[in-house]
Amino acid sequence: MRMLLIHSDYLEYEVKDKALKNPEPISEEQRKGRLDEVLAVFMSVEKIDETNPDEVVEKAVEEIKSVAEQVKAERIFVYPFAHLSSELAKPDVALKVLQRIEERLREEGFEVKRAPFGYYKAFRLSCKGHPLAELSRTIVPSGEAVS
Ligand SMILES: Nc1ncnc2c1ncn2[C@@H]1O[C@H](CO)[C@@H](NC(=O)[C@@H](N)CO)[C@H]1O
């Protein structure tokens with residue numbers, strides 16, 4: 001899994017078109033979303049993650065939690081983003097991993113939103129620009145080499 005973490009004044013998105021034949025079903029309310037004072041986490045779930053999705057979920061939650069604590073962010077935006085890797089996991093696996101990460105972060109006490117999966121989306125982001133505001137992380141299941 002590849003993550004790009006941006007500590008932001010806000011992140012807002014608007015769903016445009018379908019990017020998959022069968023995108024995640026969403027309500028009218030989910031077509032737009034915004035969080036202020038947020039750690040935005042753009043995530044590409046990778047093929048290698050399919051060998052142990054549960055472990056990748058836990059490692060991702062730990063990494064996100066660690067960064068959120070360092071930048072003192074209480075809100076997290078989980079943003080499916082298929083552009084951080086050329087070795088993407090299948091959509092059904094990727095969606096389950098991202099849904100589980102969202103659930104686990106809520107269990108950890110964060111306010112969490114997740115952008116809809118399988119769509120083209122317009123988005124606006126205001127990066128805070130401090131030294132820890134732009135970070136990337138690569139997570140792989142144990143025993144796998146990072147490519
Ligand atoms: N392995 C994967 N990891 C993360 N997201 C993934 C994925 N496979 C599919 N998606 C989702 O489907 C849209 C089309 O690839 C993706 N859409 C996007 O990435 C938007 N930024 C528009 O390009 C995403 O919602």
Side-chain angles (χ1 to χ4, degrees), residues 1-68 71 73 75-108 110-129 132-147:
M1 172 180 294
R2 309 275 170 157
M3 300 196 291
L4 175 63
L5 303 99
I6 309 285
H7 190 204
S8 308
D9 299 315
Y10 66 86
L11 167 64
E12 59 185 14
Y13 75 84
E14 181 179 354
V15 167
K16 295 297 182 183
D17 298 321
K18 288 183 176 181
L20 292 177
K21 189 157 166 265
N22 299 306
E24 175 186 17
I26 56 171
S27 64
E28 198 50 38
E29 186 195 24
Q30 287 174 292
R31 295 191 65 81
K32 288 184 180 180
R34 176 186 172 108
L35 277 180
D36 294 299
E37 294 306 314
V38 64
L39 179 60
V41 189
F42 297 86
M43 306 169 95
S44 289
V45 184
E46 297 186 286
K47 201 116 202 85
I48 197 83
D49 302 330
E50 294 177 4
T51 60
N52 194 339
D54 293 346
E55 184 188 11
V56 168
V57 164
E58 287 313 311
K59 285 184 171 181
V61 167
E62 284 314 305
E63 279 298 332
I64 293 167
K65 218 175 121 189
S66 166
V67 172
V71 303
R75 297 185 193 91
I76 296 171
F77 219 126
V78 174
Y79 201 101
F81 199 71
H83 314 286
L84 301 176
S85 172
S86 55
E87 306 276 327
L88 292 175
K90 297 192 300 283
D92 59 321
V93 173
L95 176 55
K96 284 198 184 78
V97 165
L98 295 171
Q99 287 171 321
R100 187 69 189 121
I101 288 171
E102 174 191 6
E103 280 165 30
R104 288 284 298 109
L105 288 168
R106 246 182 230 119
E107 286 168 6
E108 294 293 329
F110 293 100
E111 181 183 342
V112 186
K113 272 188 192 272
R114 178 172 57 79
F117 184 96
Y119 296 91
Y120 295 114
K121 295 178 286 297
F123 72 89
R124 288 190 179 84
L125 177 72
S126 170
C127 173
K128 286 182 177 290
L132 292 178
E134 301 160 280
L135 298 169
S136 63
R137 294 285 187 275
T138 298
I139 291 164
V140 293
S142 308
E144 302 290 347
V146 177
S147 56

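Counting starts at 1 for both ligands and their atoms, in listed order. Note that the numbering runs from 1 along the sequence shown for the chain.
- Not counting sequence neighbours, E28 has no partner by the side-chain hydrogen bond (donor to acceptor under 3.5 Å, both in side chains) test.
- Ordered by chain and residue number, the residues placing a heavy atom less than 4.0 Å from ligand 1 are A19, L20, M43, S44, V45, P80, F81, A82, H83, L88, A89, A94, F117, G118, Y119, Y120, K121.
- Residue pairs meeting the ring pair (Phe, Tyr, Trp, His ring centres under 6.0 Å) criterion with at least one member in residues 34-61, sequence neighbours excluded: F42-Y79, F42-F81, F42-F123.
- One finds a salt bridge joining E37 and K128 here, because a Lys/Arg side-chain nitrogen approaches an Asp/Glu carboxylate oxygen to under 4.0 Å.
- For E108, the salt bridge (Lys or Arg N to Asp or Glu O under 4.0 Å) partners are K65, R104, not counting sequence neighbours.
- Under the 6.0 Å distance and 45° angle rule, R34 counts as a cation-pi partner of Y10.
- Between R31 and E14, none of the side-chain N atoms (NZ, or NE/NH1/NH2) sits under 4.0 Å from a carboxylate O, so this pair counts as no salt bridge.
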